[in-house]
Amino acid sequence: GSNPDEVLSLPGLAVQPKFKHYSGYLKASGTKKLHYWFVESQFEPETDPVVLWMNGGPGCSSLDGLLSELGPFHLRDDGKTVYMNPYSWNNAANVIFLEAPAGVGFSYSDDKNYTTDDDQVSMDNYLALQDFFTKFPQFSKNPFFVTGESYGGVYVPTLSMRILEGNATINMQGFAVGNGLSSYALNDNSLMYFGYYHGLFGTDLWSQLQCYCCNASYCNFHDNAQPQCSLVVGEAMNIVYNIGLDIYNLYDDCAGGIPPHATVFKVAMSNLFRNYKIKYTPLIKKPPKLR
Amino acid sequence: VTPPCVNVTSSLIYLNNPDVRKALHIPTSVQDWDICSGVVGAQYVRKYQTLYNQYQTLVKHYRIMVYNGDIDMACNFLGDEWFVESLKLDKSGDRREWVSNKQIAGFVQDYTNVTLVTIKGAGHMVPQDKPAQALKMFTAFIKNTP
């Protein structure tokens, strides 16, 4: 039968796709409604796996995953024209893009309370997933996978735990995490080695990092109590983060060029070196006002 | 709150177009779309410093893939490699290259129920940076093929 969530005509797309896709809301706890965009598989939706995809943040939208990464619909620079992505993951699976938690993208809560935590998010995602299979019972027997990237490194395993421990009928097979946050300590500590061995830090800075942050067997850059260590880690992070390198892709251009003076990127930085108050120094100083 | 060095202008224009919102069944009362929510991000409470315990439980029940574009610095490949190694799972076979389009696409190490993959030359957003390789990797994972 007809589904009110089915997208019948997507603006900007010259020819509508042969596969069906749906956009609407899934119920979570309280008054929260999570927006989803579900694209059926291009080949055998009846039997292909169902895959849930979640971008990270925390607080960033999974529609970026759909429109810029693994989804079938990609956008031209004009923001009006849609073209088909030949490498969309719905070549092999039915894919749900879920905007979570409430307050992200088109997801919302009637009470406008957007304070949340990892446990609440995993429960809300689990409830939304159950609502999805209530809306689409024909997919409940398909193999199911949870996937995501970045802070999805937290969302994905915590939701998988809910599925494992819950009693919902979900044919859960596995999960995948891409460039995920799995451990703050390991992510911070490894980044210093990554930076040095990619030639971002000179010998002087590397020597100071080792001198102030390491003992004979172990380096702790992550939460070292030595004030000198936090200072040199700050210097290293200034290079990684604040001089115009693309933190998400070392060898790509930074869109928009070197960040303007005193720009603070709260979302990106919130996952790195959270134990220190790092003061970033801009590479290009703000020019004095000319008269 | 737009992440640094990322251009989301086209998505902002498209998803805030009233015709697009209507096609996607978004009520007019719902806020404008943005790539990230400052309100959510600022109030978010992080409860887990590591997902070690979750992985230790889940690996007994599910198939897991941990993949990394190898030139990302936000969540770099080495940290996730260390994390998977910390699980102390049995390795099956040697670390090896994997191929896409007659080119080495990265490296892979299989463990019991976990596959650790790198995608050479991809950053944080692997399916955006290396779409063909990402699709091949994803398909192999869900089909449970090497």
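Neither the backbone nor the side chain of A/Asp188 has a heavy atom closer than 4.5 Å to any heavy atom of chain B. For chain B, the nearby part of A/Pro49 is the side chain; its heavy atoms alone come within less than 4.5 Å. Only the side chain of B/Val30 comes within less than 4.5 Å of a heavy atom in chain A; its backbone stays farther off. There is no contact between B/Thr9 and chain A, counting heavy-atom distances below 4.5 Å. A/Ser107 touches chain B through its backbone: at least one of N, CA, C or O sits under 4.5 Å from a heavy atom, while the side chain does not. Heavy atoms closer than 4.5 Å to chain B are found in both the backbone and the side chain of A/Leu70. Contact of A/Val51 with chain B is made through the side chain alone, with heavy-atom distances under 4.5 Å. Proximity to chain B is limited to the side chain of A/His35, based on heavy atoms less than 4.5 angstrom apart. Neither the backbone nor the side chain of A/Val146 comes within contact range of chain B, judged by heavy atoms closer than 4.5 Å. With a 4.5 angstrom heavy-atom cutoff, A/Leu200 touches chain B only via side-chain atoms. Heavy atoms of B/Asp80 lying under 4.5 Å from chain A belong exclusively to its side chain. A/Ser62 does not touch chain B: none of its heavy atoms, backbone or side chain, sits under 4.5 Å away. Interface residue B/Tyr44: backbone and side-chain heavy atoms are both found under 4.5 Å from chain A. The parts of B/Leu15 that come within reach of chain A are both its backbone and its side chain, each placing non-hydrogen atoms under 4.5 angstrom from that chain. Contacts of A/Gln120 with chain B are absent, with no heavy-atom separation under 4.5 Å from either backbone or side chain. Heavy-atom distances place the side chain of A/Tyr151, and not its backbone, under 4.5 Å from chain B.
Your options are A/Gly180, A/Ser9, A/Ala102, and the one with the most heavy-atom pairs under 4.5 Å with chain B is A/Gly180. In terms of heavy-atom pairs under 4.5 angstrom with chain A, the leader among B/Tyr55, B/Phe138, B/Phe83 is B/Phe138. Comparing B/Ile26, B/Ile13, B/Val20 by how many heavy-atom pairs each has under 4.5 Å with chain A, the most go to B/Ile26. Of the listed residues B/His124, B/Lys22, B/Gln43, the one with more heavy-atom pairs under 4.5 angstrom with chain A than any other is B/His124. Heavy-atom pairs under 4.5 Å with chain A peak, among B/Glu81, B/Met125, B/Gln54, at B/Met125.
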Trace of the side chain to side chain donor-acceptor pair (under 3.5 Å) decision for B/Ser10 with A/Asp77: CA-CA 5 Å; B/Ser10 58; A/Asp77 287 346; 5.2 Å; no
Test ring pair (Phe, Tyr, Trp, His ring centres under 6.0 Å) on A/Tyr193 and B/Trp82 and set out the steps. CA-CA 12 Å; A/Tyr193 292 93; B/Trp82 288 357; 5.8 Å; yes
Go through the steps to decide whether B/Ile35 and A/Leu63 satisfy the test side-chain contact (heavy atoms from CB on, under 4.5 Å), and finish with yes or no. CA-CA 8 Å; B/Ile35 180 73; A/Leu63 296 194; over 6 Å; no
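Residues A/Pro101 and B/Val40 come closest through the heavy atom pair CG-CG1, 3.6 Å. B/Leu51 and A/Gly153 make their closest contact through CG-O, 3.6 Å (heavy atoms, listed as atom of the first residue, atom of the second, distance). Of all the heavy atoms in B/Ile142 and A/Ala93, the pair that sits closest is CD1-CB, 4.0 Å. Here the closest non-hydrogen pair linking B/Cys75 and A/Leu181 is SG-N, 3.9 Å. Among all heavy-atom pairs drawn from B/Thr139 and A/Ala92, the shortest one is OG1-CB, 3.8 Å. Nearest approach of B/Pro127 to A/Glu69, heavy atoms of both residues: CD-OE1, 3.4 Å.
When side chains are defined from C-beta on, B/Arg21 counts as touching A/Phe106, because their heavy atoms get closer than 4.5 Å. You'll find the side chain of A/Ser61 stays beyond 4.5 Å of the side chain of B/Asp34, heavy atoms only. Side-chain contact between B/Tyr14 and A/Pro11 is present, with at least one heavy-atom pair separated by less than 4.5 Å. Counting heavy atoms from C-beta on, the side chains of A/Tyr108 and B/Ser29 never come closer than 4.5 Å. For the pair B/Thr57 and A/Met161, the minimum side-chain heavy-atom distance is below 4.5 Å. Considering only heavy atoms from C-beta on, A/Asp118 stays 4.5 Å or farther from B/Val45 through its side chain.
With values rounded to the nearest 0.5 angstrom, A/Met172 atom CE is found 7.0 Å from B/Leu58 atom CG. To the nearest 0.5 Å, atoms CD (B/Gln49) and OH (A/Tyr184) are separated by 6.0 Å. Here A/Ile247 contributes atom CD1 and B/Cys5 contributes atom SG; the two are 8.5 Å apart, rounded to the nearest 0.5 Å. The CG atom of A/Leu186 sits 10.0 Å away from the CG atom of B/Asn76 when rounded to the nearest 0.5 Å.
Sorted by first and then second residue, the salt bridge (Lys or Arg N to Asp or Glu O under 4.0 Å) pairs with a member in residues 121-133 of chain B form an empty list; sequence neighbours excluded.
Inspection of non-hydrogen atoms places B/His61, B/Tyr62, B/Arg63, B/Ile64, B/Met65, B/Val66, B/Tyr67, B/Asn68, B/Gly69, B/Asp70, B/Ile71, B/Asp72, B/Met73 of residues 59-73 of chain B under 4.5 Å from chain A. Applying a 4.5 Å heavy-atom cutoff, none of the residues of residues 87-94 of chain B approach chain A.
Not a single donor-acceptor pair under 3.5 Å links the side chain of A/Asp64 to the backbone N or O of B/Val8. In this structure a side-chain-to-backbone donor-acceptor pair under 3.5 Å is missing from A/Ser183 to B/Thr50. Using modelled atom types, no side-chain atom of B/His25 and backbone atom of A/Gly24 make a donor-acceptor pair closer than 3.5 Å. In this structure, A/Ser23 contributes its side chain and B/Leu24 its backbone to a donor-acceptor pair below 3.5 Å.
When the shell of 6.0 Å around CD of B/Gln103 is examined, it contains 12 or fewer heavy atoms from other residues, nucleotides or ligands.
Aromatic ring centres of B/Phe141 and A/Phe145: separated by under 6.0 Å.
Evaluation of the salt bridge (Lys or Arg N to Asp or Glu O under 4.0 Å) rule for A/Asp119 yields B/Lys47 as partners, not counting sequence neighbours.
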